[in-house]
2 protein chains.
Amino acid sequence: MAETGSDTTKRKPSRIQQKNRKRVLEAALEVFSQHGYRGSTLDQIADTAGLSKPNILYYFSGKEEIHVTLLNRLMETWLDPLAHLDPSGDPMEELLAYTRRKLEMSRTYPRESRLFANEILQGAPRIAPHLESGLKPLVDEKCDLIQQWVDAGRIAAVNPRHLIMSIWSTTQHYADFEAQVRVLEPETDASWRAAGAHLETMFRKLLQP
Amino acid sequence: MAETGSDTTKRKPSRIQQKNRKRVLEAALEVFSQHGYRGSTLDQIADTAGLSKPNILYYFSGKEEIHVTLLNRLMETWLDPLAHLDPSGDPMEELLAYTRRKLEMSRTYPRESRLFANEILQGAPRIAPHLESGLKPLVDEKCDLIQQWVDAGRIAAVNPRHLIMSIWSTTQHYADFEAQVRVLEPETDASWRAAGAHLETMFRKLLQP
DNA sequence: TCGTGAGTTTACCAAATGGTAAAAAAGCAA
DNA sequence: TTGCTTTTTTACCATTTGGTAAACTCACGA
């Protein structure tokens, strides 16, 4: 049986396979993050990747597999900052550091942020299982941690779930709504700096016991 | 010249025209807000509206006109709460009331919120002019107002632009990322109540002089 | 009731799109 | 070089999609 590059059986990935799969995923990220799943075409991805459409389908079984692959890889990166919330650290500093990391990710990986936003906006049809199995347990765990900090009086009384959602929404806003932000504040560098200062102030005041 | 229902010349809209144009727009809102512009099809809109595709094209010149019409109508509704920020009111109460109105709109009109989010996510290709001509002047004006409140010491020192963006992002999050919110907190009613309380606390603390 | 224009349907079409078959080319071990 | 596998290209295809032409139906005033 000729291996088509899928994952039914495992073989050595071959240097050229790794390289081209990477090119496809990079191009797909560019395209999907801008137009959403249904708004993106294999031709666009092929053009962006500098490969032919059938060539792309030699590496991936179809459009959906490319999209799902991207989302799966993304989830790890995306949850990483929250996973690093340290129970043994200083609560205030941990949460502010988390906010900083999240904002930094929005600046560094805006396409990833938009890819995720697109998927959630459309009801998370292809990533719902991962939300249940990956995101939810982690959030539950960290909510417990934050609640302990609250109970111990080390930070002000807040709803942990909604605190986390506030951090997500405010930080991701700068990536997901970039087109709008740019209209209101065209100086990109200054905008990011002001955003960082603003969020630092806001969450510090919120959490001050 | 037979009027096709477009707007090249003005005639009396005829009761049935008004009714059916409304049906189309209602259906288009449902579809566009879920799949984005390119992900939505005229057939979907036609099915949802209970009309045939050519019938829809009797009332609108094409897919794009429907979308643009929706976005234009939306802009007014969307900016309305901000426009009502009253210079003569109490600063803290005005801003908290604005936040409440915004959250209420996310709950009442989630589809409109998602339609807007979709458009911005994709770089605002069809609404960019309106952002410049409609949103920007209003935001600039209200930023001046907030800055005056800050200068007068009536609220804490904040960056007005980023305050507004914080209010937008946190309130709209509950509509735009509903699929994710539901995973973390399945009890919808409780979620909205907790959101209201959380945002009230957060912005009150932020703005307390 | 008849005519006229508004509204609706049926039958299409050209382009775009996801995907496939198979031949051709490029690597590569012997 | 030879023979085999991996990779890439060329030529397609079926379906979907936005849109149109023209026939048809319906409401309603004269």
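Side chains are part of it too, since the values below use all heavy atoms of this structure and drop only hydrogens, waters and symmetry mates. The chains referred to below are lettered A, B, ... by the order of the sequence lines, with proteins before strands, and numbering in each begins at 1. For clarity, every value in this text was computed on a predicted model and none was experimentally measured.
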- prompt: Between B/Thr108 (side chain) and B/Met105 (backbone), is there a donor-acceptor pair under 3.5 Å?
  reply: no
query: Are A/Phe203 and A/His198 close enough, and set up right, to give a ring pair (Phe, Tyr, Trp, His ring centres under 6.0 Å), and what steps lead you there?
result: CA-CA 9 Å; A/Phe203 288 113; A/His198 171 74; 8.7 Å; no
task: Mind calculating the distance between CG (B/Leu51) and C1' (C/dT8) to the nearest angstrom?
output: 10 Å
task: Taking only the side-chain nitrogens and oxygens of A/Asn20, find out if one of them lies under 4.0 Å from OP1 or OP2 of D/dT7.
output: no
query: Donor-acceptor pair under 3.5 Å: do we get one between A/Lys63's side chain and the base of C/dG19?
result: no
message: Here's one to test your reading of the geometry: is the NZ or CZ of B/Arg126 within 45 degrees of the ring axis of B/Tyr37 and under 6.0 Å from its centre?
response: yes
- request: Select base, sugar-phosphate, or nothing to describe what A/Ser52 touches, counting heavy atoms under 4.0 Å on all strands.
  value: base
query: To the nearest angstrom, how far is A/Lys19 atom NZ from C/dA26 atom C1'?
result: 13 Å
message: Please tell me if A/Gln17 has a side-chain N or O lying less than 4.0 Å from either OP1 or OP2 of D/dT7.
response: yes
- prompt: On DNA chain C, nearest-nucleotide positions of A/Pro54 versus A/Gln44: which is more 5'?
  reply: A/Gln44
- request: Give the nucleotide from the list D/dG19, D/dT7, C/dT17 with an atom nearest to the side chain of A/Tyr58.
  value: D/dT7
task: Might you work through the salt bridge (charged side-chain N to carboxylate O under 4.0 Å, His left out) test for B/Lys53 and B/Asp43, ending with a clear yes or no?
output: CA-CA 6 Å; B/Lys53 184 169 63 176; B/Asp43 287 295; 3.7 Å; yes
statement: note: B/Leu57, atom CG; C/dG7, atom C1'; distance rounded to Å ~ 14 Å
Interatomic distance where OH belongs to B/Tyr59 and P belongs to D/dG19 [whole Å]: 18 Å
field: Spacing between B/Arg21 atom CZ and C/dG7 atom C1', to the nearest angstrom
entry: 14 Å
message: Tell me if the CD atom of B/Glu93 is crowded by more than 12 foreign heavy atoms within 6.0 Å.
response: yes
query: Between D/dT17 atom C1' and B/Glu64 atom CD, what is the distance in whole Å?
result: 15 Å
field: Selection from D/dT17, C/dG19, C/dT8 that lies nearest to any side-chain heavy atom of B/Asn55
entry: C/dT8
message: Measure CZ/B/Arg38 against C1'/D/dT16 and give the value in whole Å, please.
response: 14 Å
- prompt: In whole angstroms, how far is the P atom of C/dT17 from the NE2 atom of A/His35?
  reply: 11 Å
